[in-house]
Amino acid sequence: VGNGSADVNQQTARNEIRDETAPLLPVKVEEEGFHEFNGASFSGAVFNLSTTIVGAGIMALPASIKMLGLIPGLLMIIFVALLTEASIDMLIRCSHQGKITSYGWLMGEAYGQWGRIALQASVVINNIGVMIVYMIIIGDVLSGTSSGGIHHRGILEGWFGAHLWNSRAIVLLVTTLFVFAPLVSFKRLDSLSYTSALSVALAVVFVVITAGIAIIKVINGTVAMPKLFPEIDDLSSVWKLFTAVPVLVTAYICHYNVHSIDNELEDKTQTKPIVRTSLALCSSVYIATSFFAYLLFGDGTLDDVLANFDSNLGIPFSSVFNDVVRVSYAAHVMLVFPIVFFALRLNLDGLLFPTSRHISYDNKRFTIITISLLVVIYTAAIFIPSIWDAFQFTGATAAVLIGFIFPAMVILRDPYGIATKRDKILAVTMIVLAVVSNSVALYSDAMNIFRRKEVLCT
């Protein structure tokens with residue numbers, strides 16, 4: 001009797017966790033118009049996952065290569081891609097074994113209510129920060145920016161002059177109402193597969209243009225030999241190398257959308273090939289972007305390489321190429337926005353209403369949360385353009401938790417008894433690498449901010 005009572009209590013506790021961590025997306029919904037959906041396509045899933053990965057981070061990679069040197073930098077891009085595949089594989093194997101349909105539910109199974117809350121809070125912090133940065137980038141590209149006391153004209157200001165209608169507040173408001181609002185109103189991720197394909201294509205346009213300009217300048221002999229290895233003069237230069245790590249580590253964060261994509265597949269065996277195809281595609285884009293942009297701009301590569309396309313490139317029709325690159329990138333970011341927003345809305349809903357029915361069944365809750373998030377993101381992008389420093393801390397930390405530490409923790413807890421010795425060694429290695437690199441990077445970022453403030457004060 002005692003054992004039977006204990007089993008009942010255990011089952012009750014498990015059911016409570018499952019209630020609190022309800023799937024972030026229904027596997028098959030037979031109402032509200034979803035009954036015609038017969039599963040996402042392989043290509044659609046690849047494009048959605050690739051769009052999740054290739055966001056704004058692509059523009060920071062060339063500066064990381066400049067800091068690390070060409071050879072170590074490119075090797076790091078490949079290494080992090082392999083590490084990301086391993087961490088996603090950990091999540092998928094555990095989820096398929098336990099028939100789990102969300103990352104939050106999986107963390108709930110492994111670590112209870114607080115595990116779920118930690119994951120969902122990390123996704124909310126990471127994604128809301130990412131989308132504020134996306135909106136700031138769109139504002140900078142289209143309306144211009146006056147950071148550092150220097151005014152950089154935006155595309156619209158350059159074409160039509162400065163007017164009220166192309167000011168940052170108006171441009172972002174129009175973008176929010178007529179681009180973001182329609183795209184974030186979809187309840188199924190596969191509905192965004194065509195915009196995701198276009199987003200990836202626009203990233204490829206940037207790579208092709210950059211590669212073309214770099215090759216022309218190489219032929220003309222106007223490109224200097226790139227730095228193959230980092231310059232290490234003293235201990236401070238070693239510490240500085242670690243500031244490039246968060247950019248590389250967070251370049252592949254897509255874990256919060258993997259379950260949503262997996263849920264929409266008819267054949268679950270396609271998940272691993274989809275992940276591998278997406279990572280191979282994104283790695284190719286990252287390597288090409290980093291190599292050609294660093295080759296093109298050399299030591300003049302800025303932290304956001306997009307800013308390098310604000311000057312004379314030293315080729316005919318330079319201003320035309322500059323505008324094409326900036327417009328295509330702004331459009332790319334606009335199409336990435338709804339993919340990241342999808343996971344933000346689901347996880348915020350899971351935090352606020354853990355026991356309610358799925359948000360896709362509740363139009364009122366869906367609408368209120370969607371509008372509230374858009375208002376918060378728009379307001380922050382308008383009034384808090386200095387979000388970059390804060391995002392260096394919260395964004396980097398939350399992304400590392402989502403991408404490496406939480407998957408490793410799930411494997412170490414091994415709720416379904418599927419982890420091998422190799423899995424556990426890899427999990428411990430991932431945690432150590434993530435914690436050490438992120439701690440050193442945060443310390444270096446903090447020191448740089450304090451030094452900047454000291455210089456400003458003097």
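Values below: all heavy atoms of this structure, side chains included; hydrogens, waters and symmetry mates excluded.
Note that the CD1 atom of Ile213 and the CZ atom of Phe321 stand 6.0 Å from one another [nearest 0.5 Å]. From Glu157, atom CD reaches atom CG of Asn166 across 7.0 Å, with rounding to the nearest 0.5 Å. With rounding to the nearest 0.5 Å, the separation of OG in Ser87 from CD1 in Ile402 is 11.5 Å. Interatomic distance, SG of Cys254 versus CD1 of Ile339, reported as 11.5 Å (0.5 Å rounding).
The shortest non-hydrogen separation linking Cys94 to Ile411 is SG-CD1, 4.0 Å. Across every non-hydrogen atom of Pro407 and Leu401, the tightest pair is CD-O, 3.9 Å.
Looking only at side-chain heavy atoms (C-beta outward), Leu373 and Met131 stay at 4.5 Å or farther from each other. Side-chain contact check for Thr176 versus Met135: some heavy-atom pair is nearer than 4.5 Å. Proximity of Arg168 to Asp140: side-chain heavy atoms (C-beta onward) are separated by under 4.5 Å at one or more points. Here the side chains of Phe206 and Val305 are in contact, with some heavy-atom distance below 4.5 Å.
Ring orientation note: the planes of Tyr103 and His255 are tilted relative to one another, at an angle of 30° to 60°.
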For residues 57-84, dump all side-chain donor-acceptor pairs below 3.5 Å to protein atoms at least two apart in sequence or in another chain.
from  : atom 1 : to     : atom 2 : distance (Å)
Ser64 : OG     : Ala60  : O      : 3.4
Lys66 : NZ     : Thr301 : O      : 2.8
Thr84 : OG1    : Val80  : O      : 2.8

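Under a cut-off of 6.0 angstrom, the local environment of CZ in Phe42 is crowded, with over 12 non-hydrogen atoms contributed by other residues, nucleotides or ligands.
Ring-centre distance between Phe180 and Tyr134: not below the 6.0 Å cut-off. Aromatic pair Phe186/Phe342: ring centres not closer than 6.0 Å.
Residues Asp423 and Thr420 bring a donor and an acceptor atom of their side chains to less than 3.5 Å of each other.
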### Pair Trp159-Asp323, side chain to side chain donor-acceptor pair (under 3.5 Å): steps then yes or no
CA-CA 10 Å; Trp159 289 350; Asp323 286 352; 3.0 Å; yes
### Query
Please walk me through it: do Phe309 and Phe297 pass ring pair (Phe, Tyr, Trp, His ring centres under 6.0 Å)?
CA-CA 10 Å; Phe309 289 92; Phe297 300 114; 5.3 Å; yes
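Under the side chain to side chain contact (heavy atoms under 4.5 Å, CB included) rule, Val258 has a single partner from Ile274, Asn263, Ile88, which is Ile88.
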